[in-house]
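Below: one structure, written as C-alpha cells.
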Amino acid sequence: MSVLDVSHLQIGFAGTPEFAAVKDLSFTLKAGETLAIVGESGSGKSLTALALMGLLPKTAILRGDAAFADGDQKRILQELNGTTWQDVRGRVVSMVFQEPMSALNPVMQVGKQLSEAISAHQRVSHDKARQIAIEWLGKVQLPEPEKIYARFPHQLSGGQKQRVMIAMAMCHHPQILIADEPTTALDATVQQEVILLMQQLQREHETSMIFITHDLSLAARIASEVLVMYKGQVMEYGAAEVVLKHPQHPYTQALLACRPSVNHKSERLPVVSDFWQPENELLTSESELKNIPAAKRENSQSNKSILKVENVRIWFPQKKNWLRNALEYFKAVDDVSFELYKGETLGLVGESGCGKSTLSRGIMGLVPIHDGHIYFDGKDLAKASQQEWLTARRKMQMIFQDPFSSLNPRLTVGDIVSEPMRVHRIVSRSELKKETLRVFDLVQLPASAYDRYPHQFSGGQRQRIGIARALGLKPEVLICDESVSALDVSIQAQILNLLRDLQQELALTYLFISHDLSVVYYLCDRIMVMQKGKIVETGTAEAVLKHPTNPYTQRLVDAV
Amino acid sequence: MIRFLAKRIRYSLFILWGVVTLVFFMFNVLPADPARLVMGQRSDLASIENARRDLNLDKPMWLRYCLYLNDLSPIGLHENDSATQTKYHYQKLIPLSSRCIAAKWPYLGRSYRTKKEVSAVLSEALPGTIILALAAMTFATIIGILLGTLAALKKDTWLDTSSIVASVAGISMPSFFAALLIAYFFGFLLHSITGLNMTGSLWEYDAFKGKRLMLRNLILPALALGIRPLAIITQLTRSAMLDVLSQDYIRTANAKGLTKTRVIFRHALPNALNPVITAVSGWLAELLAGSFFVEYIFGWKGVGKITVDALDKFDFPLVMGAVLLTAFIFIIVNLLTDILYSKIDPRVRL
C-alpha cells in the first residue's frame, strides 16, 4: 500500500526558465518504507520536500500533483488550502530540517515549542500537553526530560536540538516523515545516534520516511529505495541495492566514485565530468579539469620543520573578578605541541568544539595566545616585531570553511585576490593585474572572473577564489580550516585534486583541518586527533586510521 | 543580576558626576551675574554683595564646585544648625563639632528668579511630562507594532505601500508642525465633534470644584507627540518582521501545523522586537525629558517648558536641576531596557 503518490511534480520560479527547479518528478512511497532522495545542492531535493509540506516560497510555481493517505481518505496536494494545510502539516506529514541550530525559535523554551506542536492537533489541556511533551523528550532519549523542557535552544547541543526536532515531527505519529539532511550539520558520532533513533521511532510508529541526503552511502544504509536527482531531474530511481551496487546512470557512478574513502588511498579523485557530461551544459573551467594530467605523488617531505608549536594554550576568560582579572578560563586549546615539516600535509581531526579552529586562528595570530610558543621558520612569533609578523603572515595563509561568507560581496573577484598582494607589495602596481590573472590560472579560474562579483559563482568556484587569494602571496604554509566541508561531494573532489596539484607545483605545506576522516585520510601524510583542546593521538595517516590506539580516535573511526 | 545592577549603578554615578561637572563649568563661563539675577537690576551694591556671599560667589571656583557637589550628594557634610537644616531638610547621621554628616535628598538650590526650590518646581511639572510621554509612547508602540506587522505580512500590497508612505511623512513632520495642525483641526475646526480643547493641562483649577483631573486634555498632545515615534516604530517593526519571517524557525512553526496567528504572535513577533525596544526606549527617554514645542502649543504644564524658560533667563539652579533630571531619566530608562532585553531574549545574560 502506498502512502504517498507523487505524479509529474514540477517546480519553477517566476522569472526563470519554465520549471527548471524540479522537472517531472514521480515516485511512490510505500507504507513503513524509507525512500532516499540523493542529490547535490541545486538538485531540487529540498524544494521537493518543501512542496510536499506546502511550504514553498511564495514565488514558486507548482505543477503536477501528489496524494497523501490520511487514514482511509486521500488528501490531494493541489486541493489543500491555508486551513486544510494546517490540519495536514505535522499530523499527516511532518518534517525534520537540516539546521537544528536555526530551526528552533531562540526565544522560546524547547519544551513549550514541543507542547505547542502537540496541542496544534490534539485537544488537550495545558498540563496534559506538557506531560506528553516530557514523555516525548524521554522517547527521543534526552537525559532528564523535565529539565530539558525548560531549556532554551542555545543551551542544547546540536544533537539534542535535532532530537527535539524529531520529537516535534513524530509526536502525532505522522504517516510520512520527511527528513531533509537531518544529520549533515552534526558530528559523525552524533550522526550515528540520531539516525539510529530515527529508525527506531520509524519502526515503532510504522512511519514512512523520505530521507533527503547528499551522501549515497548513508542512503544505502537506511533506505529501501533510492532516487538520484541532478539539477531537478531524476537520474535514477530504484531499489537501494540495485542503484548502489549496479548504478546505471553515469552520474550515479560518478557520485559513488568521487567520494574519498578510508578503504583505498587513490592517487587522484575522479570527478563527475570523468564519467558524464550533461547535455547543453557549457564547458566550465571545472569540467576542464580532467585534461590536466594527474600529478605524481612524490615524497617531497623533508625533515625540516617549518612551523613548531610548543605548549600552546589558548584560554578564554569565563569569570572575572571586579578588577577584571580572570578567575576561570575556558580552555579551548590546552597545552598543544606539534611540528609541521616542510612539504607535508598534516591533518588535524576532531569533532566540533574540540578547539581545532581556535588553534589555527592562534597560529595565524587571529586570537591571542595565553601561553606557549609558536616558531615559524625558527622565529618565535610571540616576540616577533611588526615587520616579522608581516612576513610570517605572508608566508602563512588560510583558506576558510565557508566560501559563501568569507568573501566580501562588495568587492570584485579581481580585487579580492589582488588586495593582499597590494598590501604585501608582492608585485609592482603595474604588474598587479597580470599577476592576479596568473594566480587565477593556477586555480583554474577563467580570466573573465576578474571583474565579476562572488555571488555570481558557484560554491566550488568561490572556494577557488579563496585559494587564489591565499596563493597570491606565494605562501609556504596553507592552513585549510574545513575548506571542503561546505562543498558537494563532486566539487569536493575537484578542490581536493586542486589542492594536491598545487602542493606538487608550488611545494606547499598544508595544515588541513577537518572533521571528515575520509577526506583527511585521502589528503594527509600525518594525522593529529584533537579532543577537548588536547592532542590525543598523532601518527601517520595509515597508523591513526587503521590502528587507532586512543579510544576517542577509535570512536571517530567507527562512526565513518 | 545583582552584579549587573551594581555595575550599572557605578557607571550611572560616574555619568551623573560628568554631567554635573560639565554643566557647572559651562555656566561659570557665561557672562551673566547670578547675584544680579537674584536681586534684580536695581538693587544697591550692599544687597548684591550679600547675595554674592549667599550664593558663594565670593569663593574660588573650585570651592564652589566642591560645595555644589556636597549639595547634590545624598550624604554630605553640613553646618550643624537649624537654619541649614531647614534649607537642606537633612537627617543628622554623625554629629561632629560644629558640623555633621547628614543624609538628605539631593539639594538643587532655589530658582534665581522665583526663589522657589528647584526640586519643588520640577516635581510639580514632572507628573505632567511623565503622563504625556507614557501616553504618547503607548499609543505609538501599540499602533506602530500592529501597523508594522500588518505591513510586513501584506508586503507589496497597497496596505504595505501606503503605510510606508504615511510613515515617511510622519518621520519628516516636525513635532511643532504636527502639534499646530492637530490643535487646529481637532481642537478648533472639529471641536464640536471631538469635544476636545485646543489647550489645557492635566489638572484644571476650577473656582468651585478645585483641582480636577482632565484626561481629555491628554489626547491631542499625546497624538502630536506620538506621530514621529509611531512612524519609526512602524518601519522598524516592518523590516524586523520581514527578516524574521524568512527564518528557519518560522518554517518549523508552520511545519508543525500551527495557526497563522500563533506563528506570527508567538514565534515571529518576539524575535522581531529587539530593534523596536531600542527605538521605544530612546524615544521614551527623550520625551520624558520634556518636549517644549508640544507643551508650549497645547499649554501643557511640563518639564520642557520650564527648562527652556530657565535657559532663557540664565536661571542656573533650575537648568542644572533639569539637566540632572534628564540624565537620570536616561539612565533609568536604559537600565530598564537592558533588563527588558534579557526578559525577552534568553540569550542575553545580564
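Remember, predicted model here, so these are calculated numbers, not experimental data. Proteins come first, then strands; the chains are lettered A, B, ... in the order of their sequence lines, and each starts at number 1.
- Closest approach of A:R89 and B:N254 over heavy atoms only: CD-O, 3.0 Å.
- Of the listed residues A:A169, A:P153, A:A103, A:S119, the one with more heavy-atom pairs under 4.5 angstrom with chain B than any other is A:A103.
- For a residue to count as touching a neighbouring chain, one of its non-hydrogen atoms must lie under 4.5 Å from one of that chain's; by this rule B:T259 touches chain A with backbone and side chain alike.
- Residues A:S102 and B:Y249 fail the side-chain proximity criterion, which asks for heavy atoms closer than 4.5 Å.
- The distance from atom NZ of B:K260 to atom CD of A:Q86, rounded to the nearest 0.5 Å, is 9.0 Å.
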- Item | Worked verdict on A:E116 versus B:K256 for salt bridge (charged side-chain N to carboxylate O under 4.0 Å, His left out) | CA-CA 9 Å; A:E116 176 189 62; B:K256 284 192 269 193; 2.9 Å; yes
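- No more than 12 heavy-atom neighbours from other residues, nucleotides or ligands sit within 6.0 angstrom of NZ on B:K154.
- With a threshold of 4.5 angstrom between heavy atoms, B:R266 approaches chain A through its backbone and through its side chain.
- More than 12 heavy atoms of other shown residues, nucleotides or ligands fall within 6.0 angstrom of atom CD in A:Q78.
- Between the CD atom in A:Q155 and the CZ atom in B:R347 there is a gap of 11.0 Å [rounded to 0.5 Å].
- Side-chain contact between B:R251 and A:F97 is present, with heavy atoms from C-beta onward closer than 4.5 Å.
- Heavy atoms closer than 4.5 Å to chain B are found nowhere in A:M101, neither backbone nor side chain.
- The residue among A:A117, A:A120, A:P106 with the most heavy atom pairs within less than 4.5 Å of chain B is A:P106.
- Here the closest heavy-atom approach between residue A:V107 and residue B:I344 is recorded as CB-O, 3.6 Å.
- The main-chain N or O of A:L104 is never found under 3.5 Å from a side-chain atom of B:T252 such that the two would form a donor-acceptor pair.
- Taking a 6.0 Å sphere around CG of B:L96, one finds it holds more than 12 heavy atoms contributed by other residues, nucleotides or ligands.
- Residue B:R99 places its CZ atom among 12 or fewer non-hydrogen atoms of other residues, nucleotides or ligands, all under 6.0 Å distant.
- Contact detail for A:H121 and B:G257: the closest heavy-atom pair is NE2-CA, 4.0 Å.
- Using a 4.5 Å cut-off between heavy atoms, A:L50 contacts chain B through its side chain alone, with no backbone atom that close.
- More than 12 heavy atoms of other residues, nucleotides or ligands shown are found within 6.0 angstrom of OH on B:Y341.
- With a 4.5 angstrom heavy-atom cutoff, A:Q98 does not touch chain B via any of its atoms.
- The shortest non-hydrogen separation linking A:M53 to B:A255 is CE-CB, 3.5 Å.
- With a 6.0 Å radius and a threshold of 12 heavy atoms from other residues, nucleotides or ligands, A:K139 has its NZ atom above the threshold.
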